[in-house]
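What follows is a single structure, written as structure tokens, with notes after it.
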Amino acid sequence: MTVVKTSVRNFLAHKGRMALSAVAVLLSVAFVSGTLVFTDTMNTTFDKLFASTSSDVTVSPKGAAAADEAPSQTGKPESLPASVVGRVEKSPGVKSAEGAVSSMSVTVVDTENKNVGATSGAPTIAGNWTDNDLRSMEITSGHAPRGPTEVMVDADTADKHDLKLGDELRTIVVTGDLRAKIVGIATFKVTNPGATILYFDTETAQRGLLGETGLFTQINVVADDGVSDARLKADLAGSLGGTYKLQTQKEMADAGRDSVGSFLDVMKYAMLGFAGIAFLVGIFLIVNTFSMLVAQRTREIGLMRAIGSSRRQVNGSVLLEAVLLGIVGSITGVAAGVGLAVGLMELMSSMGMELSTQDLTVKWTTPVIGLALGVVVTVLAAYIPARRAGKISPMAALRDAGTPADGRAGRIRGTIGLILTGGGAAALLASTRAEKASEGSLFLGGGVVLTLIGFVVIGPLLAGFFVRILSTVVLRGFGPVGRMAERNALRNPRRTGATGAALMIGLALVACLSVVGSSMVASATDELDKTVGADFIIQSGTGQPIVPQAQKALEQAPGIAHVTEYKMVEAKLTTPDGKTVSEDLAAADSTYAQDLRRETVAGELSAAYDKDSMSVGDTFAEEHGVKVGDELTVAFKGGESAKLKVAAITSDDVSVDKGAKYTSTATAERYLPAEKMPKNVIMFAAAEDGKEKEAYAALKDSLAAYPQYKVQDQTDFKQDLKDQIGQLLNIVYGLLGLAIIVAVLGVVNTLALSVVERTREIGLLRAIGLSRRQLRRMIRLESVVIALFGALLGLGLGMGWGTAAQKLLALEGLEVLEIPWPTIIGVFVASAFVGLFAALVPAFRAGRMNVLNAIATD
């Protein structure tokens with residue numbers, strides 16, 4: 001009981017000093033809890049949506065795309081005859097059945113030609129209004145569409161784009177453009193995560209989305225009273241045979257959940273990974289806090305030992321303080337995590353993915369996980385300082401105000417650190433010499449972990465060396481104040497090393513990702529310069545196929561030498577070794593050989609576009625023993641089988657179209673019926689000599705009516721690639737910012753406790769003439785040199801990781817190493833300002849210290 005009282009008393013007595021450590025725990029726990037609440041809420045939202053939109057049993061074509069698959073490249077979804085509805089209605093256990101039409105291969109624009117479809121990654125869906133839709137939606141304005149010139153939209157889309165009854169919308173589909181006026185607005189009864197929904201009457205939906213009437217994409221079946229979904233499915237299977245896909249409401253909901261589950265899992269584990277990094281950085285803060293508190297309470301602990309407290313009691317007292325710190329930080333962290341989740345929901349809503357706080361889901365496991373993580377991590381971090389406290393000798397404590405460094409322990413630590421760092425460096429070197437990326441990734445991962453741990457362990461040794469170098473450059477110009485700041489940073493290398501290591505982790509990851517990102521851009525740019533011969537690239541930013549009317553407009557643009565079609569055809573290939581594999585064939589015009597320069601290891605690529613000919617990549621050829629002149633049996637999906645001669649084998653030592661198998665568009669059309677022929681996923685164009693600018697403008701003008709497509713020259717394409725990678729890196733940097741914030745708190749805490757530790761010394765310095773301004777400058781300079789030390793280690797380590805990663809990824813086409821020096825230098829300089837910022841409060845408090853009271857401090 002005495003240990004508990006002592007721990008509580010000490011915790012409350014040093015609550016100010018514990019505050020920053022508690023904030024580190026709070027931030028880390030908040031990130032974990034917020035991530036769990038956010039993903040659980042998204043799951044709840046989608047579960048409600050999928051459950052409300054599915055009928056008891058859904059009948060769909062066998063080849064219908066799954067929920068997580070891209071829409072058909074033909075531009076039309078798979079369909080079934082309307083006559084099947086009658087067969088379903090006659091099946092036992094069926095109360096009602098209705099045909100439905102639905103397609104995601106649509107683009108919707110308003111009268112100003114602005115895309116009003118979903119922009120958050122959610123689909124834009126067009127279909128017919130059915131009784132099943134009443135399960136999830138209600139018409140809140142106007143009425144359902146009754147003819148070919150009428151359309152109904154969802155309320156969220158109407159609000160977002162300021163649409164109202166009477167406004168005209170143009171729906172772009174492969175069969176042409178559907179122009180209709182809004183006659184109704186339907187509101188979701190559950191949360192709509194951001195999809196844009198349009199409803200037409202059944203005949204218009206069939207003709208516009210499927211190309212003809214008498215077809216449906218699915219049949220919604222309602223069970224008779226007392227008939228379970230499973231029973232109804234079994235009865236329908238007996239009536240329809242195995243011709244169609246049958247799914248119960250639960251199976252449809254599960255399929256929908258799986259389709260978004262992979263995205264949510266990636267998001268969830270990525271955010272938890274960054275929370276883990278924040279926890280790791282927080283450990284250094286907590287270790288430093290308790291180490292300094294133990295050192296400052298040496299006399300107090302010695303007195304406790306002298307009056308009979310055992311080592312175990314002293315150890316337990318410190319650990320109990322850590323438990324209290326963990327509990328306080330974790331409880332506030334869980335509460336902050338719920339707030340963070342709400343903030344993320346608001347952010348997603350601003351980006352177009354609507355999430356309602358009514359669906360906010362806080363499972364009982366979330367606070368339990370947050371509390372357990374916070375307490376366990378805090379106690380583990382405090383364990384070493386607690387052991388150190390337990391080892392304090394009563395006489396040594398009564399003689400001295402602190403504990404001297406253990407020289408032997410320092411030598412052992414240095415040796416272990418050097419071994420770990422050397423082993424990590426060897427692993428990184430081995431990764432750069434691996435022949436396969438899968439093998440090298442193991443060495444890379446091991447090297448990153450070992451060098452990180454090694455630098456943390458060896459930090460105190462490195463502190464002495466690097467702080468002296470940095471001080472020579474940064475501090476010597478400030479005279480005696482600069483020299484005192486240097487000596488303060490060097491006074492306790494272990495503390496300086498731990499403080500710098502906290503900042504090192506976040507900046508190492510920033511540097512590594514910067515190197516990899518810059519190398520990706522440089523490699524892709526270099527590859528494009530070498531291989532892409534086309535002047536212009538035309539494609540959709542969302543993967544939509546190019547509709548025939550847009551293609552026709554492209555081909556009629558003036559100043560164009562040629563336009564190349566490029567489409568992906570699904571097929572099964574039977575190779576000479578007797579194996580049958582599913583592959584995609586790139587069906588293109590013969591001009592594609594000019595638009596993309598590919599090196600061949602055998603044959604001539606131009607010959608692959610001859611009648612009944614094709615090419616394969618050298619990796620495929622080697623695996624299956626394929627040679628030029630061999631014939632492969634190609635079974636086109638939805639079409640006939642053909643014997644195609646291998647006319648060329650291309651090199652796979654590329655990043656663009658790696659592993660592609662080419663054939664001509666004419667060959668694909670010969671064995672595929674027109675309705676099964678995919679639309680172009682991308683098109684290329686070349687300008688007539690000297691007319692590049694005119695052709696560029698003409699192509700853009702020709703596609704002005706189709707905002708879903710982008711016309712890019714090579715400069716645009718490179719910039720787009722750079723922007724995409726930059727956006728991804730910015731997101732990662734933002735998440736890493738949490739770890740850096742915790743590291744900054746560590747610097748603040750170290751300085752604050754260091755000021756308390758040096759109270760008497762500060763009083764003496766003030767007494768012999770050091771001004772308040774000089775004192776504050778000394779503390780700020782100490783902070784700057786510690787921050788620069790951490791930045792130097794982190795950026796150097798990160799560049800090493802990034803270089804090793806690039807060398808490994810060179811096996812996958814990332815052949816150019818580029819160090820982003822402006823970013824590296826900018827981060828290093830910014831670290832100095834981070835140090836200045838971190839020192840503001842400690843320096844201010846030190847400057848306000850009463851000189852006589854400080855000198856009298858024991």
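Side-chain atoms are counted along with the backbone in the values below, which use heavy atoms only and exclude waters and symmetry mates. The first residue in the sequence is number 1, and the count goes up from there.
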>> Test side-chain contact (heavy atoms from CB on, under 4.5 Å) on L428 and F443; report intermediate values, then the result.
In response: CA-CA 6 Å; L428 291 176; F443 286 111; over 6 Å; no
>> How close do A804 and L444 get, counting heavy atoms only, and between which atoms?
In response: CB-CD1, 3.9 Å
With a cut-off of 3.5 Å and sequence neighbours excluded, list every side-chain donor-acceptor pair involving residues 508-525.
| residue | atom | partner | partner atom | Å |
| --- | --- | --- | --- | --- |
| S514 | OG | V510 | O | 2.8 |
| S514 | OG | Y733 | OH | 2.4 |
| S518 | OG | S514 | O | 3.0 |
| S519 | OG | V515 | O | 2.8 |
| S519 | OG | E818 | N | 3.1 |
| S523 | OG | S519 | O | 2.7 |
| S523 | OG | E815 | N | 3.3 |
| S523 | OG | V816 | N | 2.9 |
| S523 | OG | V816 | O | 3.3 |
| T525 | OG1 | V521 | O | 2.8 |

>> Walk me through whether V732 and F274 qualify under side-chain contact (heavy atoms from CB on, under 4.5 Å).
In response: CA-CA 9 Å; V732 174; F274 288 105; 3.7 Å; yes
>> Before you tell me yes or no, could you show the steps for L27 and I741 under side-chain contact (heavy atoms from CB on, under 4.5 Å), namely the whole-Å CA-CA distance, both residues' side-chain angles and the distance that decides it to 0.1 Å?
In response: CA-CA 9 Å; L27 289 173; I741 290 171; 3.8 Å; yes
>> Per the side-chain hydrogen bond (donor to acceptor under 3.5 Å, both in side chains) rule, what does the pair list look like for residues 784-802, sequence neighbours excluded?
In response: T451-W801
> What residues form a side-chain contact (heavy atoms from CB on, under 4.5 Å) with A787, not counting sequence neighbours?
Replying inline: L503
> Any side-chain heavy atom of I458 within less than 4.5 Å of one from L461?
Replying inline: yes
> If you round to the nearest 0.5 Å, how far is CG of L380 from OG1 of T378?
Replying inline: 9.0 Å
>> Give me the atom names and distance for the closest heavy-atom approach of R780 to A843.
In response: CG-CB, 4.3 Å
> Under the criterion side-chain hydrogen bond (donor to acceptor under 3.5 Å, both in side chains), which of K722, Q724, K718 is the partner of D720?
Replying inline: Q724
>> Tell me which one of I505, V377, V456 satisfies side-chain contact (heavy atoms from CB on, under 4.5 Å) with L280.
In response: I505
> Who pairs with S330 by side-chain hydrogen bond (donor to acceptor under 3.5 Å, both in side chains), at least two apart in sequence or on another chain?
Replying inline: none
> Taking all non-hydrogen atoms of both residues, which atom of V747 and which atom of S783 are closest, and how far apart?
Replying inline: CG1-OG, 3.5 Å
> Within the side chain of Q719, is there an N or O that forms a donor-acceptor pair under 3.5 Å with the backbone of D716?
Replying inline: no
> For Y383, does the OH atom sit with more than 12 other heavy atoms under 6.0 Å from it, leaving out its own atoms?
Replying inline: no
Tell me which donor-acceptor pairs under 3.5 Å the side chains of residues 478-491 have, and how far apart each pair is, sequence neighbours excluded?
| residue | atom | partner | partner atom | Å |
| --- | --- | --- | --- | --- |
| E486 | OE1 | R476 | NE | 3.2 |
| E486 | OE1 | R476 | NH2 | 3.1 |
| E486 | OE2 | R476 | NH2 | 3.4 |
| N488 | OD1 | R491 | NH2 | 3.3 |
| N488 | ND2 | M484 | O | 3.2 |
| R491 | NH1 | E761 | OE1 | 2.7 |
| R491 | NH2 | E761 | OE1 | 2.8 |
| R491 | NH2 | E761 | OE2 | 3.1 |

>> I'd like to know if the side chain of T496 and the backbone of P493 have a donor-acceptor N/O pair within less than 3.5 Å.
In response: no
>> For the backbone of G337 and the side chain of S33, can you confirm whether one donor and one acceptor N or O come within less than 3.5 Å of each other?
In response: no
> Under the 3.5 angstrom rule, does the side chain of T499 hit a backbone N or O of R495 as a donor-acceptor pair?
Replying inline: yes
> Can you find a heavy atom in the side chain of V323 that is under 4.5 Å from one in the side chain of I327?
Replying inline: yes
> Which heavy atom in A832 sits nearest to a heavy atom in V784, and how many Å separate them?
Replying inline: O-CG2, 3.6 Å
>> Please determine whether side-chain contact (heavy atoms from CB on, under 4.5 Å) holds for the pair I286 and V25, giving the CA-CA distance in whole Å, both sets of side-chain angles, and the decisive distance to 0.1 Å.
In response: CA-CA 9 Å; I286 296 166; V25 178; 3.9 Å; yes
>> So, taking the atom named NZ in K807 and the one named OG1 in T432, what distance separates them when rounded to the nearest 0.5 Å?
In response: 8.0 Å
> Going from OG on S831 to CG on L836, what distance comes out if it is rounded to the nearest 0.5 angstrom?
Replying inline: 11.0 Å
>> If I take atom CE from residue M778 and atom CG from residue L775, how far apart are they, to the nearest 0.5 angstrom?
In response: 5.0 Å
> Do you know which two heavy atoms are closest between F279 and L373, and how far apart they sit?
Replying inline: CZ-CB, 4.0 Å
> What distance do I453 atom CD1 and I416 atom CD1 have between them, rounded to the nearest 0.5 Å?
Replying inline: 12.0 Å
>> Give me the atom names and distance for the closest heavy-atom approach of M504 to L452.
In response: CE-CD1, 3.8 Å
> Looking at CD1 of I819 and CD1 of I825, how far apart are the two atoms once the value is rounded to the nearest 0.5 Å?
Replying inline: 11.5 Å
Could you list the donor-acceptor pairs under 3.5 angstrom formed between side-chain atoms of residues 464-471 and any protein atom two or more places apart in sequence or on another chain?
| residue | atom | partner | partner atom | Å |
| --- | --- | --- | --- | --- |
| R468 | NH1 | G464 | O | 2.8 |
| S471 | OG | V467 | O | 2.6 |

